[in-house]
K.L.:
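Take a look at this one; I'll ask things after.
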Amino acid sequence: MSREYTEDDLVYGESWGLVHRGFLADSEIERMKALRDKVMDKHGTAGTTLKPIGRVIIDGEWYDARLKDGYLDIGTPIVVVGIDIGYVLVNEDLKREEDNS
């Protein structure tokens, strides 16, 4: 069953247990939406070890990033799945890893 996502779902991600919109200034919400529009669904690599927080490289730019859980080594392919306050939320890009095998 597909679900329509709200603007807040896309800014905060889904089921990450993040801060409610009411705690943020409108300017911060707009900044997060702009970041989301720039990097959402993009692919990159772990620029540092993510344990689960670290930095990733997307289109040659560095971003502070966070995994939902777990650990990734430097150079591991990632995909952006959401935005949190100050972080790009990423998952390991398993499809890209399979393509490189």
Side-chain angles (χ1 to χ4, degrees):
M1 173 162 125
S2 74
R3 174 176 178 244
E4 291 296 319
Y5 289 99
T6 67
E7 196 71 5
D8 285 345
D9 288 334
L10 295 175
V11 170
Y12 299 117
E14 183 182 6
S15 75
W16 289 75
L18 304 174
V19 177
H20 184 272
R21 178 184 177 121
F23 291 99
L24 295 176
D26 287 343
S27 61
E28 187 66 13
I29 292 168
E30 292 307 313
R31 188 175 78 79
M32 291 295 107
K33 288 178 183 177
L35 178 59
R36 177 210 55 212
D37 293 344
K38 184 176 182 180
V39 299
M40 191 68 176
D41 298 322
K42 290 219 173 172
H43 302 266
T45 57
T48 66
T49 302
L50 279 79
K51 307 183 200 183
I53 294 173
R55 301 198 75 203
V56 296
I57 305 167
I58 302 164
D59 294 336
E61 293 186 49
W62 288 77
Y63 297 91
D64 292 327
R66 188 178 77 186
L67 295 166
K68 186 171 183 181
D69 56 27
Y71 174 97
L72 291 180
D73 288 320
I74 294 172
T76 303
I78 57 91
V79 61
V80 177
V81 296
I83 302 298
D84 182 10
I85 312 321
Y87 293 101
V88 173
L89 304 175
V90 300
N91 285 335
E92 183 174 5
D93 188 351
L94 297 173
K95 179 167 177 24
R96 209 165 106 208
E97 275 196 346
E98 289 173 5
D99 292 345
N100 291 335
S101 297

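Counting begins at 1 with the first residue of the sequence.
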K.L.:
Quick check for you: to the nearest 0.5 Å, what is the distance between I83 atom CD1 and M40 atom CE?
P.N.:
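Answer for the CD1-CE pair, I83 versus M40, is 7.0 Å.
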K.L.:
Tabulate below the donor-acceptor pairs under 3.5 Å that side-chain atoms of residues 47-59 make, not counting sequence neighbours, or state none.
P.N.:
residue: T48; atom: OG1; partner: R55; partner atom: N; Å: 2.8
residue: R55; atom: NE; partner: D64; partner atom: OD1; Å: 3.1
residue: D59; atom: OD2; partner: K42; partner atom: NZ; Å: 2.8

K.L.:
Any heavy-atom pair between the side chains of L35 and Y63 that's under 4.5 Å?
P.N.:
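When only atoms from C-beta onward are counted, L35 and Y63 do touch, with a gap below 4.5 Å.
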K.L.:
Roughly how far, to the nearest 0.5 Å, is the OG1 atom of T76 from the CG atom of L94?
P.N.:
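Output value for this atom pair is 10.0 Å.
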K.L.:
Could you grab the distance from atom CD1 of I78 to atom CG of L72, nearest 0.5 Å is fine?
P.N.:
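The CG atom of L72 is 9.0 Å from CD1 of I78, to the nearest 0.5 Å.
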K.L.:
Check V79 against D93 and note the closest heavy-atom contact, atom names and distance.
P.N.:
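So the two residues come closest at N-CB, 4.0 Å.
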